[in-house]
Peer 1: 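Below is one structure. I have some questions about it.
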Amino acid sequence: MVDRVFTNCEVRPLSGDEPASAVAVQDGTVTAVGDPDELSTAGAETVDCRGGVLLPGFVDAHTHLDIVGRRAVEADLAGADGPADCIDRLLAADDGEGWILGFGYDESDWDGDLLRAATLDRVSAERPVAAAREDIHTVSVNHAALDVLDLPDDGVRTEDGASTGVLVEEAAEAVFDAIAPDYTQTREYLLAAQEVALSEGITAVHDMVRQSHAPRVYRDLDTEGTLSLRVRLNYWVDHLDAVRELGLVTNHGSDRVRTGAIKTYIDGSLGAGTARLRDPYADGDGVGEWRTDPDALRRLVSEVDDAGLQFAAHAIGDAAIDALLSAIESVDAADERHRVEHAEVLTGELVERLAASPLVVSAQPNFHRWATSDGLYDERLGERRGLTNRFRDLVDAGAQLAFGSDCMPLSPLYGVQQAVTAPEPRQRLTVDEALRAYTSGAAYAGFDEDRMGTITPGSVADFTVLSASPWAVPDGEISDIAVALTVSDGDVVFDASD
């Protein structure tokens with residue numbers, strides 16, 4: 001017996017099946033897709049989708065929901081048009097005690113320099129101030145913060161022997177250690193982030209967690225029945241011993257919260273100039289840095305694979321991607337569905353090796369915004385900017401592609417727009433391909449292709465209903481489409497009309 005039917009919509013199953021006009025649901029599971037007159041729906045509640053387009057719920061394969069929550073609760077610096085705008089936002093979010101925090105600034109938005117200590121001193125000269133760059137590999141702090149932080153030798157940018165207040169990689173991590181939230185604050189952040197995610201049509205996330213209360217918060221919210229998202233926890237490598245000691249394995253957990261991969265960094269970011277390249281940066285002599293060197297990486301891949309756990313490696317530069325492929329090729333890793341996160345700078349040889357490997361390419365189409373002829377990647381890489389995020393070439397070669405946002409921003413429709421309007425043909429996808437990477441492709445990266453990512457009988461009733469069709473609007477307007485409804489387990493968990 002059907003208990004709910006979703007009608008007055010164009011259903012796009014993204015399964016290869018033809019569009020339909022209704023979906024029948026029983027106990028949170030899709031039972032039928034078709035014409036409402038042909039479905040057995042006697043006594044079922046009808047959900048009016050207001051003429052929208054009903055898609056599988058978006059699955060964000062790489063995000064940091066605590067950062068999304070911090071932006072919602074603290075100062076959101078995304079889209080700031082200059083240092084003065086950042087200062088105003090930080091001052092507006094100041095609650096009068098402790099650290100003053102902001103997240104998500106991008107200096108390429110104002111074609112200027114990273115925020116420095118002297119600038120952030122204008123927010124406060126007495127209290128510590130921290131402003132995290134969007135990629136969270138760089139954090140800017142004021143002089144009061146420099147006075148209280150226990151910083152490592154590496155990652156502190158200096159000028160004339162003094163710190164500029166710009167901290168990268170290990171030094172940036174020291175800031176995140178200093179401002180780490182307790183359980184109550186983590187809960188506030190994650191509940192705020194859930195609201196943001198649902199408003200974007202996201203029904204499942206692969207969250208990258210490290211030394212955080214997030215796993216406990218998620219499980220508590222699940223037990224309480226207040227977790228509307230499905231969460232896959234990708235634990236940092238420094239949790240590996242604890243994960244094994246607890247007997248956790250990939251896919252262990254509940255319907256809502258499951259263990260995912262063990263994750264590590266191989267290199268840094270292009271924004272910070274720390275992604276590991278084969279050839280020097282166009283705007284400097286360096287080639288970036290190893291966060292995990294190739295020898296240690298091979299040992300780590302073998303150790304994680306032997307434990308029966310999925311492995312996920314942040315690898316952005318071509319040298320880092322090559323090192324990961326060599327490590328994966330050294331073990332029989334076909335069954336664990338290991339992942340490369342980002343995989344940005346890709347030669348043709350690396351594209352072919354990725355397609356031939358069992359690796360899932362977990363990528364972020366949002367990053368195309370920096371790949372234009374006058375963008376950040378042009379500054380960092382020169383002509384090599386055209387080698388970044390080669391989604392067309394990866395799909396054509398047969399690579400397994402999954403999309404996530406890295407919360408830059410947390411918006412699948414923004415990512416889809418960036419994928420279909422990418423600067424170079426080798427980077428560009430069709431609307432169908434981009435949507436599948438954000439649904440069935442991302443589900444596959446989490447071993448979930450049999451229960452989510454398409455709208456087919458037997459799949460979970462997780463949907464997003466869009467107010468307009470991404471196939472019907474100009475490609476450059478896809479991100480302007482509003483999410484009308486988000487549905488989890490057959491229940492409406494976000495309604496734009498409320």
Side-chain angles (χ1 to χ4, degrees), residues 25 27-29 56-74 76 103 176 179-236 239 242-243 246-261 263 404-407 409-412 442-443 445-448 451-453 460-464 483 485-496 498:
V25 172
D27 295 330
T29 299
F58 293 125
V59 180
D60 192 316
H62 183 118
T63 194
H64 306 266
L65 277 197
D66 66 321
I67 297 297
V68 175
R70 291 184 197 205
R71 285 191 188 182
V73 174
E74 313 290 354
D76 185 357
F103 298 86
F176 282 105
I179 64 173
D182 60 14
Y183 174 90
T184 300
Q185 187 67 73
T186 301
R187 184 183 174 97
E188 180 184 5
Y189 286 153
L190 292 181
L191 284 172
Q194 176 171 258
E195 290 186 19
V196 175
L198 296 175
S199 74
E200 297 289 348
I202 296 168
T203 55
V205 296
H206 299 179
D207 201 357
M208 310 295 165
V209 297
R210 184 180 191 183
Q211 297 175 351
S212 165
H213 296 283
R216 179 186 163 196
V217 170
Y218 282 130
R219 291 188 174 98
D220 286 349
L221 294 175
D222 184 15
T223 300
E224 296 164 12
T226 53
L227 184 63
S228 297
L229 294 170
R230 301 184 199 275
V231 180
R232 179 162 289 266
L233 296 169
N234 289 332
Y235 291 96
W236 212 259
H239 296 302
V243 166
L246 290 170
L248 296 178
V249 294
T250 296
N251 298 319
H252 172 272
S254 71
D255 182 58
R256 288 279 166 188
V257 183
R258 294 188 178 181
T259 298
K263 179 179 182 283
S405 69
D406 209 7
C407 56
L410 186 79
S411 171
F447 299 88
D448 276 327
R451 68 175 187 138
M452 66 178 74
V460 293
D462 292 359
F463 314 135
T464 180
V483 173
L485 299 172
T486 303
V487 178
S488 179
D489 256 355
D491 295 325
V492 175
V493 290
F494 169 78
D495 186 336
D498 288 347

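Because the structure is predicted, anything quoted here is derived from the model rather than measured.
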Peer 1: Counting N and O atoms only, with roles assigned by atom type, does the side chain of Q194 sit under 3.5 Å from a partner on the main chain of S228, one being a donor and the other an acceptor?
Peer 2: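 Yes; judged by distance alone, with no hydrogens or angles, the pair exists.
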Peer 1: Give me the atom names and distance for the closest heavy-atom approach of V59 to A443.
Peer 2: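 Closest heavy-atom pair between V59 and A443: CG1-N, 4.2 Å.
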Peer 1: To the nearest 0.5 Å, tell me how far D462 CG sits from D491 CG.
Peer 2: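 Rounded to the nearest 0.5 Å, the CG-CG separation comes to 10.0 Å.
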Peer 1: Looking at every non-hydrogen atom in both residues, tell me the closest pair between D182 and H213 and how far apart they are.
Peer 2: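 Nearest pair, atom of D182 first, then H213: C-CD2, 3.4 Å.
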Peer 1: With sequence neighbours left out, what residues match S405 under side-chain hydrogen bond (donor to acceptor under 3.5 Å, both in side chains)?
Peer 2: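 If we apply the side-chain hydrogen bond (donor to acceptor under 3.5 Å, both in side chains) test to S405, skipping adjacent residues, the hits are D60.
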Peer 1: Between R232 and N251, is any pair of side-chain heavy atoms under 4.5 Å apart?
Peer 2: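 Side chain of R232 against side chain of N251, heavy atoms only: contact under 4.5 Å found.
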Peer 1: Among all residues two or more places apart in sequence or in another chain, which pass the side-chain hydrogen bond (donor to acceptor under 3.5 Å, both in side chains) test with D222?
Peer 2: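 So D222 forms a side-chain hydrogen bond (donor to acceptor under 3.5 Å, both in side chains) with S254.
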Peer 1: Nearest 0.5 angstrom please: Y183 OH to D220 CG, how far?
Peer 2: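 CG of D220 is found 3.5 Å from OH of Y183.
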Peer 1: What residues form a side chain to side chain contact (heavy atoms under 4.5 Å, CB included) with V68, not counting sequence neighbours?
Peer 2: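 Once residues adjacent in sequence are excluded, the partners of V68 under the side chain to side chain contact (heavy atoms under 4.5 Å, CB included) criterion are T63, L65, A193, V196, C407, L410.
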Peer 1: List in chain and number order the residues that pass ring-ring contact (aromatic ring centres under 6.0 Å, His included) with F494, two or more places apart in sequence or in another chain; answer none if no residue qualifies.
Peer 2: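 F494 satisfies ring-ring contact (aromatic ring centres under 6.0 Å, His included) with no other residue.
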Peer 1: Shortest non-hydrogen contact from A214 to T186?
Peer 2: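 Scanning both residues completely, I find the closest heavy atoms to be N-CG2, 3.8 Å.
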Peer 1: Please check: side-chain N/O of T203 versus main-chain N/O of L229, any donor-acceptor pairing under 3.5 Å?
Peer 2: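 No, T203 side chain to L229 backbone: no donor-acceptor pair under 3.5 Å.
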Peer 1: How long is the straight-line distance from CZ of F463 back to CG of D489, given to the nearest 0.5 Å?
Peer 2: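 Atom-to-atom, D489:CG and F463:CZ are 10.0 Å apart.
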Peer 1: As an exercise, state the distance from CD of E74 to CZ of F103, rounded to the nearest 0.5 Å.
Peer 2: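 That separation rounds to 6.0 Å.
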Peer 1: Is L221 close to V257 at the side-chain level, that is, under 4.5 Å between some pair of heavy atoms?
Peer 2: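 The answer is no; the side chains never approach within 4.5 Å.
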Peer 1: Can you pull the salt bridge (Lys or Arg N to Asp or Glu O under 4.0 Å) pairs that have at least one residue in residues 199-212, sequence neighbours excluded?
Peer 2: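 Those involving residues 199-212 are E173-R210, R210-D238.
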Peer 1: Which pairs, with at least one residue in residues 184-197 and sequence neighbours excluded, count as a salt bridge (Lys or Arg N to Asp or Glu O under 4.0 Å)?
Peer 2: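 Sorted result for residues 184-197: R187-E224.
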Peer 1: D495: what forms a side-chain hydrogen bond (donor to acceptor under 3.5 Å, both in side chains) with it, not counting sequence neighbours?
Peer 2: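 Result, side-chain hydrogen bond (donor to acceptor under 3.5 Å, both in side chains) vs D495: R50, S497.
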Peer 1: Listed by chain and number, what are the side chain to side chain contact (heavy atoms under 4.5 Å, CB included) partners of A61, not counting sequence neighbours?
Peer 2: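 For A61, the residues satisfying side chain to side chain contact (heavy atoms under 4.5 Å, CB included) (neighbours in sequence not counted) are H206, R339, S362, A402, A442.
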Peer 1: Can you name the closest pair of heavy atoms from G260 and T250 and give their distance?
Peer 2: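 That closest heavy-atom pairing would be O-OG1, 2.8 Å.
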Peer 1: Would you please name every residue forming a salt bridge (charged side-chain N to carboxylate O under 4.0 Å, His left out) with D66, sequence neighbours left out?
Peer 2: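 Scan of D66 (salt bridge (charged side-chain N to carboxylate O under 4.0 Å, His left out), adjacent residues dropped) gives R70.
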Peer 1: Under the side-chain hydrogen bond (donor to acceptor under 3.5 Å, both in side chains) rule, collect the residues that match up with R451, sequence neighbours excluded.
Peer 2: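 Expected list: D255, D448.
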Peer 1: Please determine which of T259, L233, V231 meets the side-chain contact (heavy atoms from CB on, under 4.5 Å) test together with P215.
Peer 2: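 Considering T259, L233, V231, a side-chain contact (heavy atoms from CB on, under 4.5 Å) with P215 is found only for L233.
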Peer 1: If I take atom CZ from residue R256 and atom CZ from residue R219, how far apart are they, to the nearest 0.5 angstrom?
Peer 2: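 Atom-to-atom, R256:CZ and R219:CZ are 15.0 Å apart.
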Peer 1: With sequence neighbours excluded, what pairs up with H64 under the ring-ring contact (aromatic ring centres under 6.0 Å, His included) test?
Peer 2: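 If we apply the ring-ring contact (aromatic ring centres under 6.0 Å, His included) test to H64, skipping adjacent residues, the hits are H62.
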Peer 1: State, to 0.1 Å, how close P412 and I202 come at their nearest heavy-atom pair, and which atoms those are.
Peer 2: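 Minimum heavy-atom contact is CG-CG1, 3.6 Å.
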